[in-house]
Asker: 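Submitted below is the structure of interest, expressed as structure tokens.
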Amino acid sequence: MLPLKDIRNGLMVAGWFVFLTFPLMVIKVNPVEKTIVWRWPNMLYVAAGSFIAYLYVKLAQKNKKAAILVACWTAYLALPLIRYFMYQDISILIWDTTTSIYAAVGAFHMILTLCLFHKHHILRKILSGIWLLFIGTPVVMLLAQAAGKILLPKIPAALHFLTPFIITIEHIQFWNWIRILWVALACYLLYSSLQTYLASKRNIMPDHLTNEPKIRWSQYLYKRPVYLPLLTFCSTFFLLFPHLFSTYQVNIMISALMYVVLGLGLNIVVGVAGLLDLGYVAFYAVGAYSYALLNMHFDLGFWVVLPIGGILGAFFGILLGIPVLRLRGDYLAIVTLGFGEIIRLVLENWNDFSQGPSGISNIDRPPLPGVDLSLEGSIVYMYYLTIVMVIFTIFVVNRLQDSRIGRAWFALREDEIACQAMGIDKMKTKLTAFALGATWAGMVGVLFAAKTTFVNPASFTFLESAIILCIVVLGGMGSIVGVIISALVLILMPEYLRAFSDYRMLVFGAVLVIMMVFKPRGLISSVRRTYTINDETL
Amino acid sequence: MEPLLNVQKLTMDFGGIRAIDRLDVQVHAGQIVALIGPNGAGKTTFFNCITGIYKPTAGHILLQPPGKKQKRLNGLKPNKVTEQGLARTFQNIRLFPNMTVLENVMIGMHCRTNAKIFGAIFRNPQTRKEEQYIVDHSYSILKKVRLQTFANEYAKNLPYGAQRRLEIARALATDPFMLLLDEPAAGMNPQETLELDNLITQIRDEGLAILLIEHDMKLVMSISDYIFVVDYGKKIAEGTPEEIAQNPAVIKAYLGEDVEHA
Amino acid sequence: MVPGIVAFTGKFFPHSFTLLRNVADIMDFFEPDYFIELLFSGLTKGAIYALIALGYTMVYGIIGLINFAHGEIYMIGAFTALIVSTVLSIYGFPLLAIFILAAVAAVVWASAYGYTIERLAYRPLRNAPRLSPLISAIGMSIFLQNYVLLAQTSDFQPFPALVPDFAFMEPVAHIVGSTDLVILVVSVIVMILLTVMIKFTRTGKAMRATAQDKKMALLVGINVDNVISITFITGSALAAIGGLLIASHVGQINFYIGFIAGIKAFTAAVLGGIGSIPGAVLGSFILGLTESFATGYVSSDYEDVFAFSLLVLILIFRPAGLLGKSTIEKV
Ligand SMILES: Nc1ncnc2c1ncn2[C@@H]1O[C@H](COP(=O)(O)OP(=O)(O)O)[C@@H](O)[C@H]1O
Ligand SMILES: [Mg+2]
């Protein structure tokens with residue numbers, strides 16, 4: 001447990017924060033009507049929050065694993081509470097026979113895995129496979145539901161033993177997959193907790209548990225056999241998505257996927273080449289406005305403008321890059337920020353050109369040749385377009401990273417001077433990274449204009465750049481998987497936790513600071529490629 | 001015969017400080033030339049001027065690549081200098097710590113290969129062939145410095161001596177005809193120094209000229225063909241190791257004024 | 001100077017190519033009152049920029065970090081002053097007391113925020129790669145903006161006039177307001193105090209030593225951590241004074257004022273040569289005056305574009321600024 005000293009310091013920290021936040025958090029004045037509102041509960045929240053945060057950091061410094069578990073448990077227990085307070089929905093808390101069976105299987109598996117077999121024992125591998133199935137069941141069920149919706153009118157009778165996991169509303173049956181996931185997660189958390197507890201009692205642990213080689217879970221993700229099944233799961237899920245969810249949710253997913261592409265584009269610039277670009281959104285604006293304007297004035301279609309948007313983005317990237325890229329890193333950041341703001345302010349003020357703050361509306365959606373799309377259909381079409389864009393981007397970025405150019409980018413991030421001494425043209429290499437990032441921003445800009453059919457300068461503020469930066473930083477500089485996950489989490493979370501969406505930017509700011517202080521390489525750090533060489537003499 | 005590297009009256013000022021003062025240095029083909037002098041004498045600055053990292057205040061740096069026209073290096077960017085065939089290592093190791101050992105060497109081959117973005121994306125046969133060549137050649141260089149077992153290890157995880165050798169390997173990958181080594185033996189134990197001695201002579205025997213900054217006098221005296229001594233940015237002596245060992249000015253610079261009076 | 005700016009703006013924005021908008025403007029140009037009015041408003045702006053820019057330049061000089069959250073400190077200073085002065089005026093305090101107490105509160109809390117930010121977001125990153133603290137600073141800036149937004153409001157809040165109209169200013173009141181005078185006087189006093197502190201006190205000497213060489217300063221027994229904290233506290237205090245003064249000059253504030261002011265003050269610091277204290281003051285006055293004259297004689301639409309363009313151009317063509325020295329990175 002934590003020593004008394006930490007608790008005392010925690011109280012002092014809490015006191016300091018109470019003092020610090022006192023005028024802004026507690027007092028609220030109305031200077032016109034001359035009234036004051038004293039919000040004393042806020043003081044309590046600040047005190048409790050900072051006290052707990054301090055203790056948590058202390059715990060994390062002492063025992064990282066325990067800290068992670070505490071965080072998981074908290075999030076885990078908070079989820080039903082949030083659901084309860086937001087929707088008065090307690091369905092995942094109901095405990096019945098099937099749930100119990102499900103949980104029991106999990107617990108049994110957990111004990112078996114933990115206590116009986118060595119890490120490399122074949123049985124343990126099999127058990128791990130079962131475990132994957134167990135966790136994956138909700139996803140399978142979800143897919144089954146989709147398939148069911150398409151192929152079968154009803155869930156087959158053979159599966160009716162699972163009824164507690166099925167919600168029936170007026171003869172339509174849904175899988176209550178959140179509840180299944182919830183139970184499965186409980187098992188996993190219990191398993192991890194038990195393992196950590198045993199690890200802390202080193203002497204009563206079986207030998208094979210203490211000697212397990214440490215594997216970072218990022219490496220695990222890349223190299224272990226979970227990779228393929230996981231990939232299959234995810235791709236099926238994303239392919240079926242428009243058939244599973246409402247148009248509203250498809251729309252949200254489209255924007256999330258656009259951020260995935262933006263994140264991957266900025267990742268080339270910031271994550272891979274190490275150039276802090278705070279004006280990324282300017283190139284996004286270039287793309288969006290090029291489609292809006294070309295569509296309005298010359299009636300050019302989506303498919304024509306998509307490459308034009310990319311090329312214009314690259315063009316602006318090079319235009320800005322040539323004078324700017326020789327600057328030192330922090331100056332580069334500020335100049336790009338200034339450039340981003342200039343573009344936005346020009347769009348706002350130059351009415352003849354951009355129609356000012358009111359923006360441009362009635363932009364054409366992308367047409368599907370030969371088909372007259374309904375609104376809903378065109379959203380689904382848009383979804384698949386974005387998916388194609390994501391796949392294309394992943395493909396390109398992945399190939400670039402392991403190429404001659406990609407290596408030069410990485411090296412440039414590591415040490416500019418050594419890089420030049422190795423014969424790499426610093427300017428040229430930086431410029432390609434910068435222009436390539438801008439190309440992607442330009443293309444997504446076109447996509448964005450086509451999706452919303454409306455653009456105005458307010459969509460391209462500095463905060464937008466900050467969000468994209470946050471995606472890259474959280475995901476892990478230079479890591480493709482990391483960027484995808486963090487884009488989805490950061491964009492979808494505030495959409496689904498509507499009650500918290502006001503706190504979105506607050507959280508993003510905090511994420512940037514916390515990541516830099518505690519985990520500067522991101523949640524999933526990139527792993528360099530290894531080469532196998534046939535060398536007889538080895 | 002024309003020297004490969006001919007530096008004339010090189011001068012470098014930092015604000016008010018003159019770090020190098022009208023220094024003349026020549027390196028001939030097939031030689032190991034040492035540049036010695038006390039700390040702060042300006043040796044590293046000399047390397048930085050030649051390799052284009054600093055812009056010298058005055059003087060000429062003339063390079064004579066074998067079988068090509070003479071070239072003036074003043075004002076060239078570092079990467080252009082490397083392209084001319086002049087490679088270097090750094091006194092305080094500057095590897096790419098989060099890249100693998102093999103990749104570090106592969107970076108060295110950047111300026112001798114030319115796959116572009118489209119090649120990288122489409123992986124046409126030509127690019128694939130080049131990539132294979134880069135891997136194979138880099139690996140053979142790693143073998144030369146006996147780091148092949150670490151090929152897939154991150155550079156930051158290597159022991160100190162191995163990192164110094166990796167710097168040499170990376171420099172060799174740029175396919176130079178002349179190698180500038182800045183204190184390659186610093187921090188090495190006697191065994192490692194001995195191995196380094198062999199490596200440097202081996203590289204020389206393969207036809208490269210070597211300009212070497214080193215504080216380990218045993219190493220310098222045993223492998224150098226010619227030595228320049230600098231102090232406070234000025235050349236105070238030059239000659240063969242035997243001549244230098246007897247030079248009173250050198251002894252004074254190294255051991256201080258008192259020696260005379262003692 | 002003015003024709004140059006006109007030509008410059010004209011080149012970039014041909015559609016607004018109206019040299020001087022009409023005949024009246026040309027008359028205004030020769031109108032000494034108008035000129036003096038613009039001069040004073042430029043000086044006032046410059047003084048405020050200087051108060052903020054000093055914080056940027058001091059922090060940059062000592063730890064080489066662009067403290068992105070500095071503009072937010074200024075904003076928090078202004079908000080604290082607003083809250084305190086409203087509360088006090090409701091309880092019926094006299095104007096002078098309100099002014100002084102609000103200033104003290106603004107300084108105390110802004111300094112506390114500056115200190116806390118340094119401890120939380122920058123100190124752990126002292127030895128990290130250069131970009132890490134910068135990203136952390138950007139995060140801090142976004143966090144503080146939204147913190148104030150959520151804790152207070154997103155609307156503009158009217159800020160009470162804390163400076164009375166002095167009787168002796170009556171004859172020139174249509175050209176130079178009393179607030180302008182107070183701003184100029186206060187900021188000059190503050191700058192003199194700062195100079196004295198840095199030149200002559202022990203802390204000031206420790207600051208200069210730390211700025212030159214952190215390792216050596218540590219070796220001769222200077223508590224570098226404390227010196228850095230003091231730098232942040234001083235810079236924040238200056239920004240808070242700036243926040244209070246400008247808020248009572250403009251008459252309204254919101255959570256976003258720190259961002260623009262911060263960028264402009266940063267521009268001024270870079271213009272003068274970041275890391276140099278006289279440079280920051282010089283750059284601020286140049287920026288304030290050019291802005292004032294450009295908006296007065298040319299067009300006010302592009303005021304911010306102008307500042308940003310200036311920033312971009314200086315960084316590209318003279319990154320060392322007017323008074324800064326360019327150094328060669330040691331390899
Ligand atoms: N970038 C620089 N800025 C200012 N002074 C420098 C710089 N680089 C080197 N010097 C100075 O030049 C002199 C020579 O340094 P250096 O070449 O590193 O010496 P050596 O390698 O012989 O030990 C030293 O006094 C050093 O402080
Ligand atoms: Mg040296």
Side-chain angles (χ1 to χ4, degrees), chain A residues 16-17 19-25 27-32 34-36 42 270 274 276 278 323-324 327-335 337-339 341-342 345-346 349-353 417 462-463 466 469-470 473 502-506 508-518 520, chain C residues 13 15 64-66 76 79-80 82-84 86-87 89-90 105 109 112-113 116 120-121 124-125 128-136 138-153 157-160 259 263 266 270 301-302 304-305 308-309 311-312 315-316 319 329 331:
Chain A
W16 173 255
F17 275 95
F19 160 73
L20 196 66
T21 55
F22 178 74
L24 285 164
M25 292 289 285
I27 310 174
K28 177 148 186 181
V29 293
N30 188 331
V32 186
K34 299 270 177 200
T35 52
I36 315 175
N42 281 355
V270 179
L276 186 51
L278 296 180
V324 151
L327 292 176
R328 242 189 11 225
D330 41 2
Y331 279 6
L332 176 75
I334 300 291
V335 170
L337 169 80
F339 175 76
E341 287 296 284
I342 291 174
L345 289 168
V346 167
N349 287 306
W350 193 355
N351 289 321
D352 310 342
F353 174 71
I417 288 180
F462 166 66
L463 287 183
L469 178 68
C470 195
V473 167
D502 286 348
Y503 296 88
R504 194 165 75 132
M505 289 313 297
L506 189 82
F508 284 3
V511 161
L512 285 179
V513 177
I514 292 169
M515 289 309 289
M516 281 300 121
V517 173
F518 293 107
Chain C
F13 315 110
H15 65 286
L65 164 74
I66 299 173
I76 284 175
F79 259 96
T80 312
L82 170 77
I83 291 166
V84 170
T86 312
V87 171
S89 78
I90 290 173
W109 262 286
Y113 273 94
T116 312
L120 289 183
L125 297 172
R130 211 184 166 90
L131 286 187
S132 302
L134 186 61
I135 295 178
S136 180
I138 293 165
M140 211 18 133
S141 160
I142 297 172
F143 179 85
L144 289 176
Q145 263 180 41
N146 287 276
Y147 156 68
V148 174
L149 168 91
L150 293 167
Q152 293 288 314
T153 167
Q157 293 268 22
F159 197 95
F259 183 70
I263 296 270
F266 178 75
V270 174
D301 285 357
Y302 287 98
D304 291 346
V305 176
F308 285 125
S309 314
L311 172 64
V312 172
L315 282 180
I316 291 171
E329 191 193 345
V331 175

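Keep in mind the model is a prediction, meaning the values are calculated, not measured. Proteins get letters first, then strands, A, B, ... in listed order; numbering begins at 1 in each.
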Asker: For chain C, which of A:I334, A:N30, A:L463, A:L469 has the most heavy-atom pairs under 4.5 Å?
Answerer: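 That would be A:I334.
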
Asker: Chain A heavy atoms under 4.5 Å from C:I90: which part of the residue, side chain, backbone, both or neither?
Answerer: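 Interface part for C:I90: side chain.
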
Asker: Do C:F143 and A:L512 have side chains that get closer than 4.5 Å, going by heavy atoms?
Answerer: no

Asker: Please flag which part of A:T21 lies under 4.5 Å from any non-hydrogen atom of chain C: side chain, backbone, both or neither.
Answerer: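 The answer is both parts of A:T21.
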
Asker: Can you say whether A:F339 sits under 4.5 Å from chain C via the side chain, the backbone, both, or neither, judging by heavy atoms?
Answerer: backbone

Asker: Please classify the contact between C:L65 and chain A as side chain, backbone, both or neither, with a heavy-atom cut-off of under 4.5 Å.
Answerer: neither

Asker: Measure distances from A:F353 to the heavy atoms of chain C and classify the residue's part below 4.5 Å as side chain, backbone, both or neither.
Answerer: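 For A:F353, neither part sits under 4.5 Å from chain C.
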
Asker: Kindly compute the distance separating OH (A:Y503) from CG (C:N146), expressed to the nearest 0.5 Å.
Answerer: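 Going from the OH atom of A:Y503 to the CG atom of C:N146 covers 11.5 Å.
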
Asker: Is the side chain of C:Q157 donor-acceptor paired with the backbone N or O of A:V32 at a distance under 3.5 Å, no angle test?
Answerer: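 Not at all, since once roles are kept as given, no pair shorter than 3.5 Å links the two residues.
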
Asker: For C:F159, which atoms come within 4.5 Å of any heavy atom of chain A: side chain, backbone, both, or neither?
Answerer: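 No part of it gets close to chain A.
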
Asker: So which part of C:V148 gets closer than 4.5 Å to some heavy atom of chain A, the side chain, the backbone, both or neither?
Answerer: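 When you check distances to chain A, only side chain atoms of C:V148 fall under 4.5 Å.
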
Asker: Using every non-hydrogen atom in the two residues, find where A:V513 and C:G139 come nearest and quote the distance to one decimal.
Answerer: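 Where A:V513 meets C:G139 most closely, the heavy atoms are CG2-C, 3.7 Å.
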
Asker: Indicate yes or no: at least one non-hydrogen side-chain atom of A:L337 is less than 4.5 angstrom from one of C:I138.
Answerer: no

Asker: Below 4.5 Å, heavy atoms only, C-beta onward: do A:W16 and C:T116 meet side chain to side chain?
Answerer: yes

Asker: Taking side chain as everything from C-beta outward and backbone as N, CA, C, O, which of these in A:V473 sits under 4.5 Å from a heavy atom of chain C? Side chain, backbone, both or neither.
Answerer: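 When you check distances to chain C, only side chain atoms of A:V473 fall under 4.5 Å.
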
Asker: With a 4.5 angstrom heavy-atom cut-off, could you sort out which part of C:P160 is near chain A: side chain, backbone, both or neither?
Answerer: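 For C:P160, neither part sits under 4.5 Å from chain A.
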
Asker: Using heavy-atom distances under 4.5 Å, tell me whether C:S141 contacts chain A through its side chain, its backbone, both, or neither.
Answerer: neither

Asker: Contact part of A:F19 toward chain C, heavy-atom cut-off under 4.5 Å: side chain, backbone, both or neither?
Answerer: both

Asker: Stepwise, does the side chain to side chain contact (heavy atoms under 4.5 Å, CB included) test hold for C:Y113 with A:L24?
Answerer: CA-CA 12 Å; C:Y113 273 94; A:L24 285 164; 3.6 Å; yes

Asker: Give me the atom names and distance for the closest heavy-atom approach of C:A151 to A:M25.
Answerer: CB-SD, 3.7 Å

Asker: Could you check whether any side-chain heavy atom of A:I36 comes within less than 4.5 Å of a side-chain heavy atom of C:T86, counting everything from C-beta outward?
Answerer: no

Asker: Out of C:L125, C:V312, C:I135, C:L134, which one racks up the most heavy-atom pairs below 4.5 Å with chain A?
Answerer: C:I135

Asker: Name the region of A:L332, side chain, backbone, both or neither, that has any atom closer than 4.5 Å to a heavy atom of chain C.
Answerer: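 For A:L332, neither part sits under 4.5 Å from chain C.
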
Asker: Is A:I417 in contact with chain C via its backbone, its side chain, both, or neither, using a 4.5 Å heavy-atom distance?
Answerer: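 Side chain only.
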
Asker: Quick one: what part of A:L327 sits under 4.5 Å from any heavy atom of chain C, side chain, backbone, both or neither?
Answerer: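 The side chain, not the backbone.
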
Asker: What part of A:A333 gets closer than 4.5 Å to chain C, counting heavy atoms only: side chain, backbone, both or neither?
Answerer: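 The side chain, not the backbone.
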
Asker: Taking all non-hydrogen atoms of both residues into account, name the closest pair between C:L131 and A:G274 and its distance.
Answerer: CD1-O, 3.5 Å

Asker: May I ask you to name which of A:L276, A:L20, A:V517, A:V29 has the most heavy-atom pairs under 4.5 Å with chain C?
Answerer: A:L20

Asker: Can you tell which of C:T80, C:L149, C:L150 has the highest number of heavy-atom pairs within less than 4.5 Å of chain A?
Answerer: C:L150

Asker: Side chain from CB out, backbone as N, CA, C, O: work out which of these in C:I316 comes under 4.5 Å of a heavy atom of chain A, or both, or neither.
Answerer: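 When you check distances to chain A, atoms from both the backbone and side chain of C:I316 fall under 4.5 Å.
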
Asker: Return the CZ to CG distance between A:F17 and C:L120, rounded to the nearest 0.5 Å.
Answerer: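 A:F17 CZ to C:L120 CG: 4.5 Å, rounded to 0.5 Å.
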
Asker: Can you name the closest pair of heavy atoms from A:I27 and C:Q152 and give their distance?
Answerer: O-NE2, 3.0 Å

Asker: What pair of heavy atoms forms the shortest contact from C:I142 to A:A466, and how long is it?
Answerer: CD1-CB, 3.3 Å

Asker: Would you check if C:V84 and A:P23 make a side-chain contact, meaning some heavy-atom pair closer than 4.5 Å?
Answerer: no

Asker: Using a 3.5 Å distance criterion without hydrogens, assess whether the side chain of C:Y147 forms a donor-acceptor pair with backbone atoms of A:L506.
Answerer: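 No: the side chain of C:Y147 does not pair with the backbone of A:L506.
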
